[in-house]
Structures are given as C-alpha cells and as structure tokens.
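A, B, ... follow the sequence lines: proteins, then strands. Residue 1 opens every chain. Everything quoted here is computed from the prediction, not taken from an experiment. Computed over heavy atoms, backbone and side chain alike; hydrogens, waters and symmetry mates excluded.
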2 protein chains.
Amino acid sequence: MKSNISDVAKLAGVSPTTVSRVMNNRGYISQETRDKVDNAMKELNYFPNDLARALFNKRTNLIGLIVPTTTNPFFGELSFHIENICTSLGYKVLLCNSLSQMEKEQSYADMLMRNQVDGIIVGAHNRGISNYNQRNIAVVAIDRYLSKTIPVVGSDNYTGGTLATELLISKGCKNIIHMNGPVELETPATLRRKAYEDVMEGHGRQAITYEVRDPFRQQNHYEVIDRLFDECPNVDGLFASNDLVAASFIAEARKRGKDIPNDIKVVGYDGTETCQILLPELTTIRQPIALIAKTAVELLIKEIEGEYHDLPLETYLPVELIEGNTTGTIA
Amino acid sequence: MKSNISDVAKLAGVSPTTVSRVMNNRGYISQETRDKVDNAMKELNYFPNDLARALFNKRTNLIGLIVPTTTNPFFGELSFHIENICTSLGYKVLLCNSLSQMEKEQSYADMLMRNQVDGIIVGAHNRGISNYNQRNIAVVAIDRYLSKTIPVVGSDNYTGGTLATELLISKGCKNIIHMNGPVELETPATLRRKAYEDVMEGHGRQAITYEVRDPFRQQNHYEVIDRLFDECPNVDGLFASNDLVAASFIAEARKRGKDIPNDIKVVGYDGTETCQILLPELTTIRQPIALIAKTAVELLIKEIEGEYHDLPLETYLPVELIEGNTTGTIA
DNA sequence: CTGAAAGCGCTTACAG
DNA sequence: CTGAAAGCGCTTACAG
C-alpha cells in the first residue's frame with residue numbers, strides 16, 4: 001500500500017538515485033526529469049521514509065522532552081513553546097511525562113537513546129540521571145542541575161524570590177512564611193528560598209519554610225498547609241514557590257475564615273497564562289516561559305551541531321512581578 | 001562512539017544474528033552465550049537502534065498526537081494521560097501543537113507520515129484533514145468529526161449541556177446565555193450548544209449563543225464578552241463551553257460591578273485538575289479526561305493491530321456536574 | 001545529467 | 001544451538 005522510492009523511480013522511469021536527488025535537491029537534474037519524478041510522487045501519494053533517511057544520516061532531528069507532567073500549567077506551556085520552536089527549526093518532539101519518578105525518568109532516557117534522539121531537554125525536577133551526557137548526547141536542563149557540563153536554563157529565581165519577599169514586607173506583613181519543594185532536589189528553584197531567607201534575615205525576621213514533598217500531588221499541598229496553620233496560626237504573608245500551591249493555600253485559608261488580602265497576603269510563582277485567566281487576582285512572579293523555551297532549544301541545537309565550547313552553563317532569564325489583589329489594598 | 005550490534009557481536013565472540021536473538025529473546029540460546037552477549041552489551045553501553053528495528057519491522061510504535069496547544073489545561077491533561085497510557089503499552093508519542101491552524105495541522109500530518117507513525121490521535125478542533133485515513137493509517141479523534149470512518153471519543157456533551165442549563169434554570173436565572181466555539185467546526189462539542197437550546201426551548205425561553213472564534217486566544221474572549229454585556233445587560237446566567245471562557249467572563253462581569261453568583265450565575269465546562277485548584281469555586285461540567293485518553297488510545301491500538309471492524313465510531317463518556325459557588329447560594 | 005553499488009543497524013528465514 | 005545472506009528504504013561517493 002505504502003510506496004517507496006523504487007516505486008516512484010519505476011513509475012517515473014528513472015533510478016532511485018535520481019528520485020533521491022530530486023527530493024533532496026542535490027546535484028544537477030534536468031527539469032524534465034524533475035517533473036516526471038514530482039508527478040510520480042504525487043500519483044503514488046509518496047511520503048519519504050524519514051526513518052530510513054535518519055538511519056543513513058545518523059541524524060533523526062528528533063528531540064526528547066522530559067517534564068514531570070503537562071498537567072501542570074507551567075510545564076504545559078513550556079512544552080507548547082518548546083515543541084513550537086523545535087518544529088519551526090525542523091525538529092520533532094518526543095514527549096515524556098516522568099511524574100518526577102526516577103525509575104520513569106531512567107526508562108524514558110533509555111527509550112530516547114534507543115530512538116536515536118539528537119538531544120534531550122529535561123524539565124523534570126528529580127535528580128539521578130547524571131549519566132545523561134556521558135552517552136555523549138546533547139542535553140539541556142530547565143531549572144535543574146544535572147551535572148557540571150549540562151547547561152541549565154531557568155528564570156532568575158533569586159530576583160524572583162527577592163521581589164516576592166520584599167513586596168510582602170513592604171505591604172506590612174509581619175509573619176511571612178515560604179512554601180517550596182524539597183530542598184534536596186538542588187534545583188535552581190531553591191534560590192527562591194535562598195532569596196526569601198536572605199531578605200528575611202536582612203530585615204531581622206525569622207525565615208520559616210515549609211516543604212511540599214510532591215508539588216504535583218494536591219493532597220500533599222493540603223497536608224503541609226494544615227500543618228502550617230497549626231504551627232503558625234498568625235501567618236499574615238505567604239510566598240509560595242508555585243502558583244498552584246498558592247491557590248491551594250488561599251482556598252485553605254478561606255476555609256479557616258481568613259480574608260485574602262486583609263488577613264493574609266499571598267504571592268505565587270510562575271505566572272502562567274492559565275493562571276492569569278483562572279486566578280487573575282493572584283500576585284505572582286512571572287517566569288518568561290517562551291523565552292526559557294527558546295533559549296533552551298537554541299542551546300540544545302548548538303550542542304547538537306557540535307558547539308560544545310563557550311556554551312553558557314547557567315542562563316537565568318528575567319522575571320516580572322505581577323501585582324494582583326492577593327497582596328492588594330483592602331477591597 | 002556509539003556502538004552497534006556488530007561491535008557487541010565481536011566483543012562477545014558471536015555473530016550479530018545471535019546478539020539479535022538474545023535481545024529479542026527469540027529462538028534457543030545457551031545460557032553461556034546469553035551471558036557473554038549481555039556482558040558485552042553492558043560493557044559497550046549498547047543501546048539497540050529502534051530506527052533500524054522499525055525499518056525492518058515496519059512498525060515504529062510511534063503515535064502522533066495533535067492538539068491545539070498543551071497550554072490549555074484540558075489538552076495539557078489530555079496529553080499527559082495519552083502519553084502515559086501509550087508508554088505503559090509500549091508506544092511513544094510525538095507531540096504536535098497545531099494551534100487550530102489548518103496549515104499547521106496539514107504539515108504535522110505530513111511530518112507524522114514521513115516518520116512512519118503507527119497511528120494518530122487528533123485532539124484538535126479544526127477540520128480539513130479528511131484525507132487522514134485514506135493513507136490507511138490508524139486515526140482516532142477526540143471530540144471532533146473527521147470523516148465517516150474515523151472513531152470519535154469525547155465526553156457526553158449533550159448531557160453536559162443539559163445539566164448545565166437546567167442547573168441555571170433551577171437556580172432561578174431568567175436570562176441565560178451560552179458561549180461556545182464557532183458552530184462551523186462541527187465538533188461534537190456543538191452538542192453542548194444543542195442541549196442548551198433544547199432545554200431553553202423546553203422551558204419556553206429564548207436561546208442566545210455567543211460564538212468565540214478562537215477559544216485559544218484570550219483577547220478574543222474579551223471582545224465577545226464586551227459585546228455580550230452591551231447587547232444583553234440583563235444577563236443573569238452564563239453557560240460557557242469551556243472553563244477558561246467562564247473565568248474570563250467572571251472577571252469581566254466583576255469589572256462591570258456584577259456579583260457572582262448574586263447577579264449572575266456561571267457554569268463552565270471541562271473541570272480540569274488545574275481549574276479545580278486555581279478556581280475551585282467554579283461550577284462546571286467535568287469531562288472524564290483520563291478515561292477519554294484511555295479509550296482513545298485503546299481504540300487506536302485496536303486499529304493499529306488491524307481490527308477495523310466493530311469499532312465504535314462514537315464513544316461518549318459520562319460527565320459529572322461539579323457545583324461550586326458560582327452558582328451557589330448567596331454567601 | 002544519470003545509474004549501479006555499497007552501506008546505515010537491524011531482523012528473519014534458511015542452513016547447518 | 002549458531003551463522004551467512006538478504007533486505008527494510010533511504011543516501012552518497014564513484015563512474016560514466
């Protein structure tokens with residue numbers, strides 16, 4: 001049913017070599033031959049087999065994308081932009097949702113190797129696959145340290161954390177608490193926490209951080225928030241390292257009769273389009289997601305094309321404070 | 001640098017045939033040979049080349065997924081589930097964000113053909129690629145009619161539309177308006193509109209539907225909502241065919257001094273996890289996204305495996321009404 | 001300007 | 001239980 005290059009050649013009355021040349025626009029071909037071949041391809045509804053091409057060229061133009069889950073709006077948007085940019089540059093994207101599980105990440109990495117991807121973009125939060133680039137394949141990480149030689153791209157987490165914390169202080173909050181992912185992850189996102197701690201210390205305040213073990217399970221948010229309210233009932237400012245956690249906190253606070261922003265002011269992190277639509281009143285630190293995607297893809301492609309030197313190992317793109325009502329003046 | 005089957009064979013002191021047999025567990029191999037081969041593979045950090053395998057087997061275990069954009073939480077979640085289920089069944093997913101643009105869809109479809117995908121799941125909203133399955137490739141559509149022979153999987157839109165409209169009526173709304181995508185799309189989602197119209201008619205009310213041309217551009221929401229408030233200032237009930245549109249409406253209504261739910265009650269559609277976290281007060285019709293994904297993948301794999309007969313052409317999975325405060329009793 | 005041959009990395013009959 | 005040969009659908013030197 002599917003036709004191949006020989007079918008086209010036969011129908012056009014030429015050799016497969018010639019068909020290949022027409023497809024790839026290589027060498028000299030008479031217009032007449034070119035037309036014959038084009039017609040034959042159309043007639044047979046011929047699609048060149050990229051697998052066979054890739055086998056020969058040792059280039060698949062395939063890139064693997066590993067994220068925790070596209071369910072999370074940050075990664076949903078990131079995946080969109082990455083795929084979009086890849087496509088515009090002639091690359092295709094194999095999607096992997098690792099759910100931050102190490103075994104899954106490992107088996108995805110193996111799968112990507114078997115499929116001969118030219119490179120991998122890792123937007124997942126776990127550690128563990130430090131042997132990624134030992135296999136000499138191009139790798140770029142999003143907000144995540146993988147090894148000394150793998151470039152990291154992310155938002156300017158330290159500035160983001162600073163902006164968030166200082167805003168809460170300037171709004172008069174006395175007891176500002178921070179919620180973040182597990183510190184063991186060693187992601188650059190812990191810089192958000194560092195900034196919070198530094199700013200708090202700078203103001204002679206005590207920094208208190210609650211760790212959400214698995215930010216992708218909402219049940220986990222609630223457990224931590226429960227504990228937070230038990231232990232710090234007088235909290236009046238919250239900086240969450242992620243908008244969904246901020247939203248969970250707001251809902252739980254309201255259940256406890258707290259008014260936002262009167263009783264507690266809240267700042268999130270990410271500032272996705274989705275969050276801007278669904279929860280526009282949330283004050284947040286917006287990451288430049290499209291720019292992160294673009295930077296990561298361009299870096300990866302440089303690696304793929306053999307530029308291993310002079311690649312910036314850490315790129316932190318500018319964040320933006322979006323002020324909404326959750327830190328607002330009283331209604 | 002990368003090793004191939006001959007490298008392994010040489011190191012193990014056997015033929016490539018034997019290595020292949022060990023990898024695929026086919027035929028009889030002595031334990032001794034098996035061990036030698038396994039060791040050689042480990043030593044060389046060998047990854048079998050799935051491209052070469054696929055070329056021979058004429059089976060890539062690759063499936064293409066076309067969605068408008070994973071930025072939208074419904075499609076972000078759908079993509080997650082589809083990928084997840086595919087992986088558990090040994091398939092890999094090529095992600096395509098078409099942004100509902102026909103040219104993009106067309107070029108994605110071509111790309112997928114060249115990459116020899118075994119099947120395609122189309123979750124996009126546009127029409128136009130009716131020649132998808134003429135190329136005799138397995139195709140399943142999500143909430144979208146593509147051709148007479150392509151199975152469609154979606155939520156029970158008619159019931160969803162009925163539940164939403166009847167809820168608004170039972171809450172005492174007098175002027176209920178509906179917002180939906182363009183009717184030309186002929187997606188099963190127009191059944192939400194049909195249900196709205198039928199219920200309204202059944203109650204002797206006038207049905208008024210506002211069409212959002214491009215549900216994936218928020219600017220477009222605002223334009224339509226503006227017009228809606230101009231033309232129907234006394235609206236007191238809104239059924240939006242999508243939670244993001246519902247959220248945009250709520251924001252705009254508040255800007256106009258309207259209280260939700262006192263002045264206007266609002267029901268959305270989709271009920272994604274993200275929306276449940278960011279806007280938990282929204283009353284909505286929840287689609288069973290994981291189930292839709294599972295059903296679509298299973299159907300696709302049946303097609304891939306040659307079962308073209310007795311495939312259900314339309315599968316509508318049960319929806320659930322989630323009541324929140326946007327239709328609630330007054331605070 | 002065009003074609004025959006070899007090879008990309010695998011697998012599967014076919015022999016032995 | 002194991003191996004040599006042919007072939008999956010392409011492309012690229014190499015000839016002509």
Less than 4.0 angstrom between a side-chain N/O of [X] and OP1 or OP2 of [N], yes or no?
X	N	answer
B:S30	D:dC1	no
B:K58	C:dT11	no
A:T33	C:dT2	yes
B:T18	D:dG3	yes

Could you verify whether a donor N or O on one side chain and an acceptor N or O on the other, from [X] and [Y], lie under 3.5 Å apart?
X	Y	answer
A:S20	A:T17	no
A:N24	A:R53	yes
B:S79	B:E83	no
B:N84	A:K104	yes

Regarding B:N24, tell me which of base, sugar-phosphate or nothing describes its non-hydrogen contacts under 4.0 Å with the strands shown. sugar-phosphate
Name the nucleic acid region contacted by A:R26, choosing base, sugar-phosphate or nothing; use a 4.0 angstrom heavy-atom cut-off, strictly under. sugar-phosphate
Rounding to a whole Å, what distance do you find between [X]:[atom1] and [N]:[atom2]?
X	N	atom1	atom2	value
B:Q116	D:dC10	CD	P	8 Å
A:F56	D:dG7	CZ	C1'	17 Å
A:F47	D:dC8	CZ	C1'	20 Å
B:R34	D:dT2	CZ	C1'	13 Å
B:M23	C:dG9	CE	P	13 Å
A:N57	C:dA6	CG	P	20 Å
A:L51	C:dC8	CG	C1'	12 Å
A:N4	D:dC10	CG	P	6 Å

For C:dA4, give the paired nucleotide (Watson-Crick: N1-N3 plus N6-O4 or O6-N4; G-U: N1-O2 and O6-N3; both under 3.5 Å), or none. none
base_contact_polar (D:dA4 base, B:T17 side chain, donor-acceptor, <3.5 Å): yes
Nearest-nucleotide comparison on DNA chain D, the residue closer to the 5′ end among B:G13 and A:V19: B:G13
Hey, is the main chain of A:L99 close enough, under 3.5 Å, to the side chain of A:N97 for a donor-acceptor pair? no
Of the listed nucleotides (D:dA13, D:dC10, D:dT2), which one gets closest to any side-chain atom of B:R21? D:dT2
Which nucleotide in C:dG3, D:dG3, C:dT2 has an atom nearest any side-chain atom of A:V14: C:dG3
